[in-house]
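Below is one structure; the comments refer to it alone.
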Number of protein chains: 2
Amino acid sequence: MTKAPTRIQKRNRAAILSAGLDVFSQYGFRGTTLDQIAEAAGLSKPNLLYYFSSKEAIHTALLERLLENWLDPLKALDAAGDPVQEIMAYAQRKLALSKDFPRESRLFANEILQGAPRIEYILHTDLKQLVDEKTTVIKGWADKGKIAPVDPYHLIFSIWALTQHYADFDVQVQAVMPGSDPYAGAATYLDHVISRILQP
Amino acid sequence: MTKAPTRIQKRNRAAILSAGLDVFSQYGFRGTTLDQIAEAAGLSKPNLLYYFSSKEAIHTALLERLLENWLDPLKALDAAGDPVQEIMAYAQRKLALSKDFPRESRLFANEILQGAPRIEYILHTDLKQLVDEKTTVIKGWADKGKIAPVDPYHLIFSIWALTQHYADFDVQVQAVMPGSDPYAGAATYLDHVISRILQP
DNA sequence: TCTTGGTTTGACCAAACGGTCAAAAGAACG
DNA sequence: CGTTCTTTTGACCGTTTGGTCAAACCAAGA
């Protein structure tokens, strides 16, 4: 039976995870140092290691927390709903995730870029299973003529790409469209795109 | 007057750049070590530094070589051509770049994720200028009713996102669609998507 | 208050890091 | 062959890195 965390434990663990998310999402696992995280968290390095046993433990905790919700938008795609509405709503949920959790998106992107050594098995099990299930649903819609006959895998890839781009390539987006909030325009554009793609 | 490079110089410089591209594109600048590059290139570490004065010199050389061709597909978008054809052809050029130079795409992605410290000025000058120019062209097409009235910035972002995704998230794509070559399906899907988006 | 358990720190360590250097080894060419 | 220039290497250096540890510090309840 593990003890309930103290007030200080809660505060410091949260600070470390937030600081770790800042740094890991920018530099990846190998490019991140404990000193960077410690400074961002406002703690000393040995104090970090009092709360997490290693650099990898922080990274793992972040990845696990991320994966808890990462697949939710796709899971919520309902085979019984209206096809175009369902896919549009899925894309909007994914876009909202990019807007509200850009660091998590970049953490995921970094992990994939590095070959996904720590989450590869999830990609091949949970993710693949989920995608297979939902592509079957989408293919069913296409076969019934409810949506245009698109490749459901590439449809899902395109939704991932379109939505995550605004978080992962934020620096580039900001450079090209300075000042404005890209997410408002992205939401409108996304609706346009998806309704056009799927029009039977 | 710089001397012509010897046969050995050509071979070893090329080996180092290729090895550096392998490692930098996976782990980013900070996450990459000279030993990794040296081993991948089949040279000793001091021998590396005989050809490139520092880790940063290798990275800079790679980024410069990348940027030479990175913007070419968009530059070739012709205001005098057929609007839908031009944009579709642009997307296909960009997709071909992802297929033929996936490591370069990942190197770029890594640089952006890390805040683009070494190429930020290019994003704000060359890239922004080019995008502004081409969005003006696209907006002109939209105003004349030649294509649907889409936001040209988000249109370009979507082409970047869709095409680079197959290189940058290769591991994930392979996990979900094992065995198959995603680029064939992507090319077909891309044509479908763009023609649908732009139909006036 | 005192005691107990949670928290913080400075000093330290071995390994890995980017980089240097002088000397050895090898190519090129008359 | 001998000479000159290029290439390669092993030994080394100072710094950074992930991590340890004992000791000091502090919060909180009895």
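Sequence lines set the chain letters: A, B, ... in the order given, protein chains first and strands last, and positions in each chain run from 1. Hydrogens, waters and symmetry mates play no part in the numbers below; they use all other heavy atoms, side chains included. Computed from a predicted structure; not experimentally measured.
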In the structure I gave you, are the side-chain heavy atoms of B:Tyr27 and B:Thr33 within less than 4.5 Å of one another anywhere?
no

Under 4.5 Å between any side-chain heavy atoms of A:Asn110 and B:Asn110, yes or no?
yes

Mind checking side-chain contact (heavy atoms from CB on, under 4.5 Å) for B:Ser18 and listing every partner two or more places apart, or none if nothing turns up?
B:Arg103

Examine the side chains of B:Asp78 and B:Tyr90 and answer whether a donor and an acceptor come within less than 3.5 Å of each other.
no

Decide whether B:Gln92 and B:Asp191 meet the rule of one side-chain donor and one side-chain acceptor closer than 3.5 Å.
yes

What is the separation between atom [atom1] on [X] and atom [atom2] on [N], rounded to the nearest whole Å?
| X | N | atom1 | atom2 | answer |
| --- | --- | --- | --- | --- |
| B:Tyr27 | C:dA16 | OH | P | 16 Å |
| B:Gln36 | C:dG19 | CD | C1' | 17 Å |
| B:Arg11 | D:dT6 | CZ | P | 16 Å |
| A:Asp35 | D:dT20 | CG | P | 15 Å |
| B:Ile37 | C:dC17 | CD1 | P | 12 Å |
| A:Ile16 | C:dT7 | CD1 | C1' | 12 Å |
| B:Leu34 | C:dT20 | CG | C1' | 13 Å |

At less than 4.0 Å, is any side-chain N or O atom of [X] found next to OP1 or OP2 of [N]? Yes or no.
| X | N | result |
| --- | --- | --- |
| A:Arg30 | C:dC17 | yes |
| B:Gln9 | D:dT6 | no |
| B:Thr6 | D:dT7 | yes |
| B:Arg7 | C:dA27 | no |

Decide if the gap between the ring center of A:Trp160 and the ring center of B:Phe169 is smaller than 6.0 angstrom.
no

Could you list by number each residue of residues 43-62 of chain B showing a heavy-atom separation from DNA chain C of less than 4.0 Å, or answer none if no residue does?
B:Lys45, B:Pro46, B:Leu49, B:Ser54, B:Lys55

Quiz item: cation-pi between A:Lys55 and A:Phe29, 6.0 Å / 45°
yes

What nucleotide, of D:dT6, C:dT7, D:dT8, holds the atom closest to the side chain of B:Ile8?
D:dT8

